[in-house]
Structures are given as structure tokens and as C-alpha cells.
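Scroll down for the structure; my scribbles are underneath it.
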Amino acid sequence: MEFEPLDQYLQRRKKLTEIEALGHLAHPHRFDWTHTPRQILGQFGDSTAEELSAKNIEVRVAGRVVALRPHGKAGFGHLAGDGEKLQFYVRLDVVGENAFKLFQLLDLGDIVGVSGHLFRTKTNELTVKVEKLQLLTKALLPPPEKWHGLTDTEIRYRRRYLDLIGNEKAREIFLRRAQIVRELRRFFDERGYVEVETPMMHPILGGATARPFVTHHNTLDMDLYLRIAPELYLKRLVVGGLDRVYEINRNFRNEGIDAIHQPEFTMLEFYQAYSDGPTLMDLTEELLRGLAEKVCSGRKVAFGEREIDFSRFERLSMRGAIRKFWPAEAGAAPSVEELAAKGGPRKVAARYNYFAKAKGVDAVESDENTSDGELIGELFETIAEQHLVQPTFIYDFPVEISPLAKRREDDPSLAERFELFIAGMEVANGFSELNDPDDQERRFREQVEKGGQEMPKEVDLDYIRALSHGLPPTAGEGIGIDRLVMLLTNSHAIREVILFPLLRHTAEADAAAAAGQETSLKPPDERSK
RNA sequence: AGGGGCGUAGCUCAGUGGUAGAGCAGCGGCCUUUUAAGCCGAAGGUCGUGGGUUCGAUCCCCACCGCCCCUACCA
């Protein structure tokens, strides 16, 4: 196989042949290093030239060649490893003719090991004076352009390895993502939660409202859905006596792709028996504040032009948010009574839409079947959601749009549910879990009757059975990890925080398919010839 | 799906209705403390694809393809 840019690929192959002719192995098995570049800079970054020569420190260090500055019979280069760059200095009279020829045949991107003593150059840069140079791997293709890094967003996503080599920022994002996930685990582990893994392939759709991906198990001859949420399995575990559980894993939703949506995304869900929604709001605040402090070293986090302040979380009821952000030009904001009255939300929506049409902004969408509760949800999303930049909990969701949440004791039209919004994005969703099997079965049946691709086709009877065995009063919550990582890394597209985001398939793949190469996932007997 | 933007050397980008330009990378040469090393030299292009207007199109027009952004579904 040959790759573009072909001239450089062939040139590098030729150099590799020359290197082998010098007696070097193309792919040696090991290199006994003593330090990584990061460790050397960490340990000796403060040592003076005198200290270094007095201590006579010998190191063996490996990494990718990211800069080369040959000077005739000597030369400098930089070696990248472990996220740091270390300079090395090669002299013909030190390494000898053979190794110096190897140095001259090096290309940017090659992986080498150098052995030698540390010193400081004229410009006071900590440097390895190379006594022995070894090729560890030849790079047959060149690294990204050295000034601008890799800027083509498509290649950055499709060939993330190049993005990681060429763009320090990309590397930092994914290291921080790992740190965030580590802190989340620590937070829940410390509080006695058990981490579990529940099925990714579900026989019945449930746990959220979304269009699913469908797959098929051949031996069982059974259609399965890639899960849209783990919720119903996690609550089964609480029935089973795992009073505190969490899962960090992928969900799959067959919906659109944009700056804040990817078909597979990572969700943290956690459940806690003998608790309720309002308690989780406090816990969430503690969790996110602590994360910001640990990961971003402060409660105030830059996000684009704005600054997100995790020290204070606003709390607003959904109806209150509609009132608060009701535009003045649309007349008097609706009263709480009007929003709560039967048929009230429809009148309010009509009033808003009259304004929206005149003003040319988005209207509230509904039809004759839209319930009061659904209209409240629509009003909220249209009027308020975009304004929720600082961390804000919205609570008191209509029960119609909360099929798995417990009703409020004092108002059965409202669910004891909240969502957290930051920078206009929904980041978390939590509630007191509905644990009345009769009410749950009724709501499931309503969903099935309502129909649609995003609704279950059948009632999950085993889940009702589990509830019938008794789910303690429980609170649960889901937090979108990708969006959280966006906030804490100042990233404005979800693709920046997912290593290999899904993209349209490539012209390259299409060409391969056209040329008759097999790219289909169909079983062999169904493949076209 | 609709609206907007972009597509020129391997990369980052200039540019013009009259046969295409820089820096970096690559190639040859000089250079034993450089660091966006430097200097000299040569090479590199179907200007996204197809059609149209024109004496002549990379440039103007149309269509298509690809990517990005916004809007709609969605978390």
C-alpha cells in the first residue's frame, strides 16, 4: 500500500533502505530508556550548566522527532514524548560516521532513541549531547505542517492521530477529559456508589425518548436496539439492593449531528436509594463545583466570550423561567396561574406566537394533540433555554414530558424533576424516580399508544415486574459527559471532545466500494458480487 | 432537509478575464551551539468536477461533489 503524498512517502522509503544498509534495524524491538522527555525537564529543568556538568547525568530517552536543524557536521533536533519536547545535539566527532549518517537520514516524525549526557547550550537550553543514536521507527509519512499544525477540521477528526501530534490543544483536551472522568469516578466511589455495566443492546426501547439504532442478533433471530439510555437497567439494580449505582458509558441515538449532538455520546447515570430530586441538585452542585476547581483550578471557567461561574447555581421553576425570559414586546408575562390552568399554556403559546410571527423569531410548535405539559416544555425551550448561560437548575417539569419521574406530592401535574443548563446546553437531568408500578405501567401504555419512532413498541413488563418487587424511594440523574468536557475545556463543538466523532463516509470509501472492494457489513452470503 | 461560506502546490495561504505566486515541507549543495536556523540551487499545479458565456475562464454563469457554519429533530 502506498499513501499520499506519494513523493514524500517514496522518498522516506528510500531513506529507510539506506538506513538499513548502514546496519540499523527498521523496527527494533526495544529501547531501554531511563527517562521520558517530561521527566528530564521535570528533574533537571532547574539545574544550571555547572550542576549538570558536575553531576555528569547520563540519560537514554526516546520520542518522535519534531524538529531538525542540521548544521553540516553537527545538528540539533527536538524529541517529543510524554507531552514535552527535549532538545538533542548530534556531532559527527562524538557519534561517529555511521550514526551521523543516520542522523542525516532522519525525517520529521521519525521515532528515535538517544543516549548521552545532559548539558546546556549557549542559549541555556537543556539538551542531550547524543553519544548514541538509534532509529526506533521510521515514519513513512510526514507529520502535520510545523507552523500552523493541522488545521483542516475534517482531517483533524478523521485522522485524530495527526491532530494529537500536531496540535497541543487537542492533546490537552483529551487528557483533561480523562481527568474529568477519573474525578467523576472518584466522587462516586468515595460516596459508596458501585460502578456497573448494563446492556448496550436492548430488546425493548426505553429510558428516554429518542430514535434508536436497530441491529439484529442472528442466532437468536432477534432485533435489538442500541441503548438510548441505561436507566431502566440501573433502577432494576436498585431494586436488587445495589442502593447506589453509577455507570459511565455510551448511549446511541439515531438523530441529527451538530455542534452539541453526536450519535454516540457518553453519559454518566447514577441512582441513589432513599433520596429525592431536590437532594440531587445539591449533590450536582457539589460535584460540578469540585470538578471545576480540580480540573480548571478555579470556580470561574472561561467559555468563549463568557465566563461560567460554578460557585453559584441558579434555581428556577420551568414556569418561572418562562415568566422570567418572556420578552417585554410580547406583552405582560403569563401568570403562574395561567400557566397552570387547564388549556392555559395553549393560550399563552398563541400569544407568544403572535409576537414571534410579527418579530420573525421562532414560534412555539404544537398541534391539536399537544398537551398542556408538552406546551409548557415547548414554551420553555423556545423562550428561556438559550438564556441559561450560568449554571441554572430548572425544576417542576410537567409530568407529561417526564414519563419516568415521580409526581410532586402537592401537585400531581408536575414531576419532581430538574435539568441543569449551562451555556444554553442541557447538561444534566435528574428526578425522583417513579416507583409506583401502576402509574409507571399507565405511562408506558400511553407512550406505546402515542407511537412514533422514538417511542417503545411494547411495554417493558419486566421493568414493571421489578417495580412490583419494590423500588425504594430513589433519585437518579444523568450527566452528559461530552458536554461537561466541552464546558471544562472551552470547546465549542462536541467533535472537539470525542476522539473519533462520526462523520459522513469518505470519497475514499466510496471509491473503494465502487472498485468492488468489500466495505459492507452485510454477512458474506448477502454481499453483492 | 433549507440558508450562508469555502474548495488554488503535500501543508498554510496570496492572486488575476490573457498560459500561476509566497512561506513551510520534500529534493541537491554549503554550514560543528541552533531553535519558525541560515545561505545557494532545482523541482513541484487538470486552480474540486462537469457544462456554459467568451477570441480566450482558475477568475463570470449553471449544475454536481466535498467540507464548515446557522436553522429544524434531538441530549
Side-chain angles (χ1 to χ4, degrees), chain A residues 3-12 14-15 49 66-78 85-95 100 103-104 107-109 119-127 129 141-158 162 166 207-212 228-229 251-269 360-363 365 381-382 385 419-421 424-429 452-454 478-484 486 492-495 503-508 510-511:
Chain A
F3 293 96
E4 296 291 331
L6 191 60
D7 57 333
Q8 299 197 31
Y9 180 80
L10 295 176
Q11 181 62 36
R12 283 168 179 244
K14 190 175 141 214
K15 285 191 187 175
V66 293
L68 278 174
R69 293 179 295 279
H71 288 265
K73 297 186 175 61
F76 291 91
H78 272 92
K85 292 183 181 118
L86 177 68
Q87 182 167 258
F88 62 94
Y89 178 46
V90 181
R91 290 173 62 116
L92 171 61
D93 57 8
V94 175
V95 298
F100 198 76
F103 173 69
Q104 289 175 312
D107 286 303
L108 293 181
F119 76 110
R120 280 190 186 274
T121 61
K122 263 189 201 168
T123 54
N124 208 34
E125 179 162 349
L126 184 63
T127 303
K129 182 177 268 180
L141 287 168
E145 209 256 3
K146 71 175 179 180
W147 287 6
H148 307 89
L150 183 61
T151 56
D152 183 316
T153 49
E154 191 186 354
I155 297 182
R156 287 189 47 231
Y157 299 145
R158 287 195 196 281
L162 293 182
T209 312
R211 288 166 62 191
I228 56 171
N251 288 346
F252 306 86
R253 299 190 185 176
N254 207 339
E255 312 269 5
I257 295 178
D258 64 22
I260 56 170
H261 295 91
Q262 267 282 304
E264 53 179 299
F265 62 101
T266 302
M267 187 86 134
L268 158 69
E269 282 205 14
V361 298
D362 285 343
E365 286 185 24
E381 284 174 24
T382 309
E385 189 171 341
E419 285 187 348
L420 173 63
F421 291 86
M425 292 190 288
E426 184 192 333
V427 172
N429 173 23
Q453 287 182 300
E454 68 287 350
I479 298 180
I481 300 300
D482 311 283
R483 290 180 180 179
L484 184 60
M486 285 171 68
H492 298 263
I494 198 166
R495 277 181 286 201
L503 304 174
R504 202 159 304 179
H505 51 258
T506 59
E508 196 176 59
D510 290 346

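Lettering of chains follows the sequences in order, A, B, ..., and the numbering in each one begins at 1.
Put simply, A/K146 has no side-chain N or O that comes within less than 4.0 Å of OP1 or OP2 on B/rG26. Phosphate proximity of B/rU12 to A/T151: present, with a side-chain N or O under 4.0 Å from OP1 or OP2. Phosphate contact (OP1/OP2 of B/rU33, side-chain N/O of A/R120, threshold under 4.0 Å): absent. An OP1 or OP2 oxygen of B/rC27 is reached within less than 4.0 angstrom by a side-chain nitrogen or oxygen of A/K15. At B/rC27, one or more side-chain N or O atoms of A/Q11 fall inside 4.0 Å of OP1 or OP2 (strictly under the cut-off). Phosphate contact (OP1/OP2 of B/rC31, side-chain N/O of A/R69, threshold under 4.0 Å): absent.
Nearest nucleotide to the A/T121 side chain, out of B/rC74, B/rC67, B/rU33: B/rU33. Minimum atom distance to the side chain of A/Y89 is reached by B/rU33, of the listed B/rU33, B/rC73, B/rC31. The side chain of A/H71 has B/rC31 as its nearest neighbour among B/rC74, B/rA36, B/rC31. With distances taken from any side-chain atom of A/F265 to the nucleotides B/rA72, B/rA75, B/rA25, the minimum falls on B/rA75. Considering only the side chain of A/T153, B/rC67 comes nearest among B/rA75, B/rU32, B/rC67.
Look at the P atom in both B/rU16 and B/rC31: the space between them is 43 Å, to the nearest Å. If you take atom C1' in B/rG18 and the same atom in B/rA57, they sit 10 Å apart, rounded to whole Å. Only the P atoms considered, B/rU53 is 14 Å distant from B/rC59, to the nearest whole Å. Between B/rG45 and B/rG15, the distance separating the two C1' atoms is 15 Å to the nearest Å. A distance of about 47 Å separates the C1' atoms of B/rG2 and B/rA43, rounded to the whole Å. When the P atom is used for both B/rC64 and B/rG4, the distance is 13 Å, rounded to whole Å. Here, B/rC11 and B/rA25 have their P atoms 15 Å apart, quoted to the whole Å. When the P atom is used for both B/rG17 and B/rG10, the distance is 25 Å, rounded to whole Å.
For A/A493, the side chain to side chain contact (heavy atoms under 4.5 Å, CB included) partners two or more places apart in sequence, or in a different chain, are A/E496. With sequence neighbours excluded, the residues forming a ring pair (Phe, Tyr, Trp, His ring centres under 6.0 Å) with A/F421 are A/F380, listed by chain and number. A/T266 is linked by a side chain to side chain donor-acceptor pair (under 3.5 Å) to A/R177, counting only residues two or more places apart in sequence or in another chain. The ring pair (Phe, Tyr, Trp, His ring centres under 6.0 Å) check on A/H261 picks up nothing, with sequence neighbours excluded.
Checked by distance alone, A/N254 brings no side-chain donor or acceptor within 3.5 Å of a matching partner on the base of B/rC74.
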Q | Where protein sits on nucleotides 5-10 of chain B, one letter per nucleotide: B base, S sugar-phosphate only, - none, heavy atoms under 4.0 Å | A | -----S
Q. Dot-bracket for RNA chain B, 5' to 3', with Watson-Crick and G-U pairs under 3.5 Å, [ ] for crossing pairs and | for other-strand pairs: what is it?
A. (((((((..((((....[..))))..((((.......))))......(((((..]....))))))))))))....
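A/E381 comes within 4.0 angstrom of nothing in the nucleic acid, heavy atoms only. Residue contacts for A/Q87: at a heavy-atom cut-off of 4.0 Å it reaches a base atom on one of the strands shown. When heavy atoms are screened at a 4.0 angstrom cut-off, A/D482 is found touching no nucleic acid atom at all.
Aromatic ring pairs are classed by plane angle as parallel below 30°, tilted from 30° to 60° and perpendicular above 60°; the pair A/F76 and A/H71 is perpendicular.
Summary of the strand contacts: A/K129 and A/L68 both lie near RNA chain B, and taking for each the nucleotide with the nearest heavy atom, the more 5' one is attributed to A/K129.
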